[in-house]
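Data block below; observations after.
All values below come from the heavy atoms of this structure, side chains included, with hydrogens, waters and symmetry mates left out. Residue numbers count from 1 along this sequence.
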Amino acid sequence: MASVGEGIGMMDEAYFVSRGELLQWLNSTLDLNYTKVEQVCSGAAFCQLMDLLYPGKVRLSKVNFAAKHEYEYIKNFKVLQDVFDKLDIKKAIDVNKLIKGKYQDNLEMFQWMKRYFELHYNAPT
C-alpha cells in the first residue's frame, strides 16, 4: 500500500498548472494577496493549507506568519514536516532550497501542494 502523497509524480497534471492559476487559487482559498510564487518560501501558507485539510493537526501557534528571514522560514517548514510525519505523507521537503525563495523550487512544491489539497479536501457543505 502506497503512503499518502506518493501518487503525485512529476508527470502528474499538478505540474502543468500555471503560476497565475496557483496564486489565484491560494489567494482565494486562504484569503491572501500573494503576487509571486516565491512568497510561499516562508512555508506559512502551506501550513495553513494543511490545517484546512486536517484541522487541529497543525501547530499553527508555532507558525510565524510574518516571517522575513530564512531562519524563520526553517521553523515554519519544521511545523509542516511534523504534520507530514504525523500523517505519513511521504513528500520530501527540500527546505534548504525552498527558503532561498527561488521560483522553480517553490513552484514545484506549490504545484504539489495544490494537487494534494485537491485530492484530499472535502469542502464543508
Side-chain angles (χ1 to χ4, degrees):
M1 182 169 142
S3 293
V4 178
E6 287 182 357
I8 306 172
M10 285 303 291
M11 293 309 293
D12 188 278
E13 65 188 65
Y15 294 102
F16 298 96
V17 177
S18 72
R19 73 171 182 248
E21 184 180 336
L22 288 167
L23 289 167
Q24 188 275 330
W25 169 78
L26 185 68
N27 287 335
S28 65
T29 302
L30 298 179
D31 194 26
L32 298 173
N33 293 305
Y34 283 17
T35 57
K36 298 189 312 186
V37 166
E38 294 88 333
Q39 289 174 278
V40 300
C41 74
S42 76
F46 296 148
C47 290
Q48 283 182 281
L49 289 170
M50 292 304 290
D51 187 62
L52 275 176
L53 286 174
Y54 307 105
K57 298 287 185 190
V58 181
R59 295 172 59 191
L60 286 178
S61 64
K62 298 284 186 184
V63 177
N64 181 348
F65 293 99
K68 300 280 186 230
H69 304 285
E70 290 181 9
Y71 68 90
E72 294 170 312
Y73 303 163
I74 290 170
K75 291 177 184 177
N76 288 345
F77 278 108
K78 176 154 180 30
V79 172
L80 185 65
Q81 186 64 64
D82 288 346
V83 173
F84 280 20
D85 292 346
K86 275 188 218 173
L87 299 170
D88 197 31
I89 299 170
K90 302 294 185 204
K91 169 67 177 163
I93 302 174
D94 194 339
V95 176
N96 291 326
K97 284 186 176 180
L98 294 171
I99 64 171
K100 300 294 182 194
K102 300 286 188 206
Y103 174 79
Q104 191 63 41
D105 298 318
N106 283 280
L107 177 68
E108 289 173 11
M109 181 67 183
F110 200 167
Q111 290 169 324
W112 183 91
M113 184 64 75
K114 180 180 185 292
R115 180 69 172 145
Y116 182 88
F117 187 90
E118 289 171 341
L119 290 172
H120 296 91
Y121 186 62
N122 295 315
T125 54

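Under 4.0 Å is where a charged nitrogen must lie from a carboxylate oxygen, and between Lys114 and Glu118 at least one such pair does. Between Asp82 and Lys78 there is a salt bridge, since a side-chain N of the basic residue sits under 4.0 Å from a carboxylate O of the acidic one. With respect to Lys100 and Glu70, a salt bridge is recorded, a charged nitrogen being found less than 4.0 Å from a carboxylate O.
Scanning all heavy atoms of the two residues, the minimum distance from Cys47 to Val79 falls at SG-CG1, 4.0 Å. The shortest heavy-atom contact between Gln111 and Leu22 is CG-CD1, 3.6 Å. Nearest heavy atom pair, residue Asn33 against residue Asn27, reads N-OD1, 3.4 Å. The shortest heavy-atom contact between Cys41 and Gly101 is CB-CA, 3.8 Å.
Rounded to the nearest 0.5 angstrom, Leu80 CG and Asp51 CG are separated by 11.5 Å. Atom OH of Tyr34 sits about 15.5 Å away from atom CD of Gln24, to the nearest 0.5 Å. In this structure, the separation between CD on Glu108 and NZ on Lys97 is 8.0 Å, given to the nearest 0.5 Å. Atom CG of Asn76 sits about 11.5 Å away from atom OH of Tyr71, to the nearest 0.5 Å.
For Asp31, the CG atom is loosely surrounded, since the number of other residues' heavy atoms within 6.0 Å does not exceed 12.
When atom types are taken as modelled, the side chain of Asp105 and the backbone of Leu98 share no donor-acceptor pair closer than 3.5 angstrom. Listed for the Gln39 side chain is a donor-acceptor partner under 3.5 Å among the backbone atoms of Lys36. For Asn64 (side chain) and Glu72 (main-chain N/O), no donor-acceptor pair under 3.5 Å exists by modelled atom type.
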_I'd like to know whether Trp112 forms a ring-ring contact (aromatic ring centres under 6.0 Å, His included) with Phe84, so could you lay out the CA-CA distance, the side-chain angles of the two residues, the decisive distance to 0.1 Å, and finally the verdict._
CA-CA 13 Å; Trp112 183 91; Phe84 280 20; 5.8 Å; yes

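Note: Tyr54 and Tyr116 have tilted aromatic rings, judged against thresholds of 30 and 60 degrees for the angle between ring planes.
The side-chain heavy atoms of Thr29 and Phe117, taken from C-beta on, include a pair separated by under 4.5 Å.
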